[in-house]
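Below, each value reflects all heavy atoms present in this structure, side chains not excepted, and no hydrogens, waters or symmetry copies. Each chain gets a letter, A, B and so on, in the order the sequences are listed, and its residues count up from 1.
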Protein chains: 2
Amino acid sequence: MVELKTSGQRVTSSRVMILCALKHSARHMTPGELLDEVRRVHPHIPPSTIYRTLASLRDAGLISETHRGGETEYEWSDKPHHHLVCRSCGYERSLPQTYFNQVEKKIEAESGFRIDLTHVAVTGLCPECQRSQGAAR
Amino acid sequence: MVELKTSGQRVTSSRVMILCALKHSARHMTPGELLDEVRRVHPHIPPSTIYRTLASLRDAGLISETHRGGETEYEWSDKPHHHLVCRSCGYERSLPQTYFNQVEKKIEAESGFRIDLTHVAVTGLCPECQRSQGAAR
DNA sequence: ATTACTGCAAAGGATTTGCATGTGA
DNA sequence: TCACATGCAAATCCTTTGCAGTAAT
């Protein structure tokens with residue numbers, strides 16, 4: 001685990017497992033999901049280790065934290081990007097940063113703020129669910 | 001409280017107080033802040049009343065719910081709009097919907113999703129804090 | 001008179017903390 | 001060795017629920 005060493009973190013089994021889980025999942029995961037996942041291999045790991053590890057990996061910039069619908073989610077940090085998530089079936093895909101570049105610049109220019117649009121989750125209804133749900137909900 | 005009547009809700013003191021607090025605050029408020037606020041007038045109101053009232057006002061469309069930084073926040077429902085919030089001092093201002101219309105259309109066109117950009121909070125650093133913090137944090 | 005809303009107490013769940021022990025550098 | 005990370009238990013916080021009583025319509 002080069003990343004851990006490089007960032008000055010110790011290479012321990014929990015850290016490796018958590019990083020692997022996030023690296024391979026290619027989706028956001030909540031602390032709870034991560035806990036279940038890691039427990040498949042290491043059944044007695046306590047929640048506190050998950051939470052503490054997530055916080056330190058996040059501080060080190062190895063993973064990123066997002067908040068969506070009241071849930072805290074983590075994922076492997078790649079380049080800045082965004083997510084498009086279906087609120088009905090949960091299907092998730094990523095959106096390139098480029099979609100937001102214009103708005104970002106426009107807002108900065110007009111407000112003087114320096115904005116953080118590094119990671120946004122946009123929710124909506126995917127084509128499938130639009131069809132099956134029609135006008136419902 | 002015309003809004004309550006119109007929406008078929010009963011006009012009770014908690015509902016009136018919560019609505020007033022949100023209507024006058026002009027910012028997002030968490031259930032906890034609302035609880036403190038309402039308790040200045042009605043000191044023994046229990047949290048459950050706050051939570052239940054918020055949920056029913058939200059279902060009736062009188063107030064809207066957002067999630068930001070892991071916190072659930074409520075505010076008086078005006079037309080769809082967005083917020084620009086300073087992550088350092090908390091200063092908050094609103095952004096007209098128009099900023100996002102283009103991205104919204106673009107994403108819908110290219111993904112087939114029908115997206116929900118009714119209420120987004122964008123975080124950043126306001127001009128003041130950029131000056132005082134410089135490159136810090 | 002009905003039935004929605006409230007108050008209270010208790011349950012539930014997620015997250016955090018203290019502290020002793022273990023382990024990677 | 002020594003600081004950092006872990007395991008475990010308990011504490012805390014936020015939110016929800018059950019139920020009996022109250023008040024709005």
Side-chain angles (χ1 to χ4, degrees), chain A residues 1-22 28-75, chain B residues 1-22 28-75:
Chain A
M1 286 289 94
V2 202
E3 300 89 351
L4 284 171
K5 280 218 158 117
T6 312
S7 69
Q9 309 249 319
R10 289 191 180 166
V11 180
T12 70
S13 62
S14 348
R15 284 164 143 68
V16 171
M17 285 186 287
I18 294 176
L19 265 183
C20 280
L22 288 172
H28 288 145
M29 294 181 83
T30 62
E33 290 169 337
L34 245 342
L35 182 61
D36 293 342
E37 185 62 30
V38 172
R39 279 191 169 162
R40 297 170 50 158
V41 175
H42 189 325
H44 296 309
I45 194 171
S48 55
T49 295
I50 299 285
Y51 286 101
R52 282 194 276 226
T53 302
L54 287 172
S56 73
L57 296 175
R58 185 241 298 131
D59 292 343
L62 297 181
I63 62 177
S64 67
E65 184 182 306
T66 337
H67 301 280
R68 196 189 108 221
E71 300 214 287
T72 304
E73 303 187 316
Y74 294 87
E75 74 179 326
Chain B
M1 285 289 95
V2 201
E3 300 89 349
L4 285 171
K5 281 220 159 115
T6 311
S7 69
Q9 312 249 320
R10 288 189 180 170
V11 180
T12 70
S13 63
S14 346
R15 283 165 143 68
V16 172
M17 284 187 286
I18 294 176
L19 264 184
C20 279
L22 288 172
H28 288 145
M29 294 181 83
T30 62
E33 290 168 339
L34 245 344
L35 181 60
D36 293 341
E37 186 62 29
V38 172
R39 279 190 169 163
R40 297 171 50 159
V41 176
H42 188 326
H44 296 308
I45 194 171
S48 55
T49 294
I50 299 285
Y51 286 101
R52 283 193 276 225
T53 303
L54 287 172
S56 73
L57 296 175
R58 186 240 298 130
D59 292 343
L62 297 180
I63 62 176
S64 68
E65 183 182 308
T66 338
H67 300 281
R68 195 189 107 219
E71 301 214 285
T72 303
E73 303 187 316
Y74 294 87
E75 72 179 326

Residues B/I45 and B/T49: closest non-hydrogen pair is CD1-CG2, 3.8 Å
Closest heavy-atom pair, A/S56 versus A/R15, reported as atoms and distance to 0.1 Å, is OG-NH2, 2.7 Å
note: B/H67, atom NE2; D/dC14, atom P; distance rounded to Å ~ 16 Å
When rounded to the nearest 0.5 Å, the distance separating OG1 of B/T53 from CG of B/L34 is 9.5 Å
Between CD of B/E33 and P of D/dT15 the distance, given in whole Å, is 11 Å
Atom CD of B/E71 and atom P of D/dT15 are separated, to the nearest Å, by 8 Å
Taken to the nearest whole Å, CG/A/L35 to P/C/dG13 is 14 Å
By nearest-heavy-atom nucleotide on DNA chain D, the more 5' of B/T72 and B/S13 is B/T72
Looking only at heavy atoms, the pair that brings B/Y74 and B/I63 closest together is CD2-CD1, 3.7 Å
Between the OG1 atom in A/T30 and the CD atom in A/E33, the distance rounded to the nearest 0.5 Å is 3.5 Å
Here the gap from B/E37 atom CD to B/M17 atom CE, rounded to the nearest 0.5 Å, amounts to 10.5 Å
Expected list for residues 41-51 of chain A near DNA chain C, using heavy atoms below 4.0 Å, is A/S48, A/Y51
B/L54 atom CG is separated from C/dT6 atom P, nearest whole Å, by 11 Å
When rounded to whole Å, the CG to P distance for the pair B/D36 and D/dC13 reads 13 Å
Identify each atom pair where a protein N or O and an N or O of nucleotides 19-25 of chain C are less than 3.5 Å apart, giving names and distance.
{"unit_1": "C/dG24", "atom_1": "N2", "unit_2": "A/R10", "atom_2": "NH2", "d": "3.1"}

CZ of B/R39 to NE2 of B/H44, rounded to nearest 0.5 Å, is 8.5 Å
Sorted by chain and residue number, the salt bridge (Lys or Arg N to Asp or Glu O under 4.0 Å) partners of A/E73 (sequence neighbours excluded) come out as A/R68
Rounded to whole Å, CZ of B/R39 lies from C1' of C/dC8 at a distance of 12 Å
note: A/I18, atom CD1; D/dG7, atom P; distance rounded to Å ~ 10 Å
Heavy-atom closest pair (B/L62 atom, B/S7 atom, distance to 0.1 Å) is CD1-OG, 3.8 Å
